*Asks:* 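One structure follows; several queries about it will come next.
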Amino acid sequence: MVDFTLSDEQLALRELAHDFAAKEIRPVAWDYDRDSTFPQHIIEQAWELGLMNVYIPERFGGVGLSSFAGVLIEEELAWGCSGIQTSVGCNGLATTPLLLAGSEELKRRYLERLTAAPLLASFCLTEPDAGSDVSAMKTRAVRRHDKYVISGSKCFITNGGYADFYTVYAKTDPQAGHRGISCFIVPRDAGVLVDKHEDKMGQRASNTATVTFPDVEVPADHLIGEENAGFKIAMMTLDRTRPGVAAMAVGIARAAFEFAVSYAKERTQFGVPIAMHQAIQFMIADMATDIEAARLLAWKSAVLLDEGQRNTLLSSHAKRFAADVAMRVATDAVQVYGGYGFIKDYPVEKLMRDAKIMQLYEGTAQIQRIVIAREIFAPRD
Ligand code: CAA
């Protein structure tokens with residue numbers, strides 16, 4: 001049976017996240033965007049309320065939510081501000097490799113750090129010359145006795161400047177392409193350097209840094225899973241986190257839609273509110289349909305995970321479609337506002353800037369199409 005009715009528990013969780021977004025995030029979101037300041041205080045509040053580390057199992061002190069429950073939260077917090085939600089939710093991305101493949105001891109040691117205090121972790125995959133093409137990474141990890149020595153640099157790292165530890169991908173067998181990549185936990189105090197905080201177009205409340213590993217030594221047991229299994233761990237991680245990115249995109253689109261609807265009712269041109277003009281009504285109608293469809297894809301891609309099924313195809317459908325919807329809806333919301341939409345005093349200008357990154361991070365819109373096409377023409381077992 002297919003049932004889209006939320007349980008009382010799911011409704012309560014969504015309401016908790018919505019209230020937090022409405023009371024704590026929305027009122028300050030445009031200030032954080034203007035100043036590009038890090039939302040430390042909001043992260044601490046979200047941590048206190050259990051809106052962070054939602055996928056960490058209860059036995060490690062986390063909330064232990066299903067993927068479906070997680071996407072309900074992610075949509076609401078991103079409705080408040082997607083830049084702030086990128087900061088709040090990033091521990092999910094950084095800890096998924098550990099949850100998927102880490103030893104019990106490594107999980108206990110590092111997951112409990114995040115649940116004992118409002119600390120952050122970052123996911124370090126991208127490099128200046130290896131974005132979409134993950135296998136082209138140059139960061140090296142060399143085994144020396146009971147340690148690995150990691151050297152290289154990662155860019156565009158969310159929360160990179162504030163993280164307590166990093167999930168780092170590095171080549172352990174440089175001749176083996178994607179089969180020569182391994183994944184490690186690297187504590188910041190092992191000698192990690194944070195080089196740069198990017199001055200971004202949108203999601204300006206989130207911290208995006210370059211992180212360098214200058215011959216950083218970690219104990220050999222900080223390897224996550226098997227040596228040279230890192231590429232698959234990264235792909236499986238992204239399968240699991242893209243539903244949440246899709247839900248965040250729905251949150252941005254919904255925010256832009258709501259602003260556009262209320263402005264269309266207020267703004268009068270040609271003697272009537274512009275909501276009376278069919279040109280505006282059609283734009284609003286398309287926004288509403290797109291948001292519904294994007295949300296259903298995000299939900300389905302999360303439910304497959306909760307059912308223990310492979311969701312690669314649905315995850316890319318959801319992430320690709322919802323990101324494009326966020327961009328389209330936010331752009332049309334600016335159109336509904338007319339010239340005012342282009343001015344920073346009005347809210348939709350920020351949403352249009354914020355939406356753009358949804359088509360870029362965690363796999364560009366084009367990479368999602370590659371994944372979808374491969375799943376159609378040459379599906380993995
Ligand atoms: N699950 C498990 N295994 C998978 C997989 C999946 N979803 N996808 C691929 N694999 C396996 C394949 O079966 C293959 O296995 P074998 O070695 O047994 O043959 C292997 O991985 C290699 O697969 P491909 O040949 O498909 O690899 P590719 O080099 O062609 O790359 C790609 C495929 C989809 C383009 C991939 O590189 C990719 O997803 N790129 C985008 C990376 C990305 O999303 N980066 C975002 C960084 S995170 C971020 O943005 C967050 C932030 O902080 C800002």
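Note that ligands are numbered from 1 as they come in the structure, with each ligand's atoms numbered from 1 the same way. Quick caveat, the model's predicted, so the values are computed rather than measured. Excluded from the calculations below are hydrogen atoms, water molecules and symmetry mates; all remaining heavy atoms, backbone and side chain alike, are included.
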*Asks:* Have a look at Leu238, Asn228, Val371 and point out the one with the heavy atom closest to atom 34 (C) of ligand 1.
*Replies:*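 The nearest heavy atom belongs to Val371.
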*Asks:* Any ion pair linking Lys300 and Glu307 (charged N to carboxylate O, less than 4.0 Å)?
*Replies:*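 Answer for the salt bridge query: no.
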*Asks:* Take every heavy atom of Ile370, measure it against each atom of ligand 1, and state whether any distance is under 4.0 Å.
*Replies:*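 It does not, in that no heavy atom of Ile370 comes within the 4.0 Å cut-off of ligand 1.
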*Asks:* Go through ligand 1 atom by atom and flag the ones less than 4.0 Å from a non-hydrogen atom of Thr126.
*Replies:*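 In order of numbering, the contacting atoms are 47 (C).
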*Asks:* Any N or O on Lys232 sitting closer than 3.5 Å to an N or O of ligand 1?
*Replies:*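 Yes; at least one N/O pair falls below 3.5 Å.
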*Asks:* Test of understanding: given a 4.0 Å heavy-atom threshold, classify the contact between Thr364 and ligand 1 as side chain, backbone, both, or neither.
*Replies:*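 Neither; nothing of Thr364 gets under 4.0 Å from ligand 1.
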*Asks:* Enumerate the atoms of ligand 1 whose separation from the nearest heavy atom of Met236 is less than 4.0 angstrom.
*Replies:*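 Answer, ordered by atom number: 1 (N), 2 (C).
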*Asks:* Any carboxylate oxygen within less than 4.0 angstrom of a Lys/Arg side-chain nitrogen, looking at Arg254 and Glu76?
*Replies:*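 The answer is yes: the pair qualifies as a salt bridge.
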*Asks:* Side chain, backbone, both or neither: which part of Thr158 comes within less than 4.0 Å of ligand 1 when only heavy atoms are counted?
*Replies:*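 Under 4.0 Å from ligand 1, Thr158 contributes backbone and side-chain atoms.
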*Asks:* Pairs under 3.5 angstrom only: tabulate donor-acceptor contacts from the side chains of residues 281-291 to other protein residues two or more places apart or in another chain.
*Replies:*
from	atom 1	to	atom 2	distance (Å)
Gln281	NE2	Ala275	O	3.0
Thr289	OG1	Ala285	O	3.0
Asp290	OD2	Arg328	NE	3.2
Asp290	OD2	Arg328	NH2	2.8

*Asks:* Evaluating non-hydrogen atoms only, which member of Phe231, Tyr361, Tyr169 is closest to atom 23 (O) of ligand 1?
*Replies:*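 Closest candidate by heavy-atom distance is Phe231.
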*Asks:* Looking at the rings of Tyr361 and Phe156, which for Trp means the six-membered one, are their centres under 6.0 Å apart?
*Replies:*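 No.
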*Asks:* So between Arg374, Arg240, Met235, whose heavy atom ends up nearest atom 33 (C) of ligand 1?
*Replies:*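 The nearest heavy atom belongs to Arg374.
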*Asks:* Please work out whether any backbone atom (N, CA, C, O) or any side-chain heavy atom from C-beta onward of Arg242 is under 4.0 Å from ligand 1, and answer side chain, backbone, both or neither.
*Replies:*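 The answer is the side chain of Arg242.
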*Asks:* Does ligand 1 have a heavy atom under 4.0 Å from the side chain of Leu93, from its backbone, from both, or from neither?
*Replies:*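 Answer for Leu93: side chain.
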*Asks:* Does Arg109 pair with Glu105 as a salt bridge, N-O distance under 4.0 Å?
*Replies:*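 Judged by the 4.0 Å cut-off on N to carboxylate O distance, Arg109 and Glu105 do not form a salt bridge.
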*Asks:* Would you say atom 5 (C) of ligand 1 makes contact with the protein, given that contact here means a non-hydrogen protein atom less than 4.0 Å away?
*Replies:*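 It does; a protein heavy atom is within 4.0 Å.
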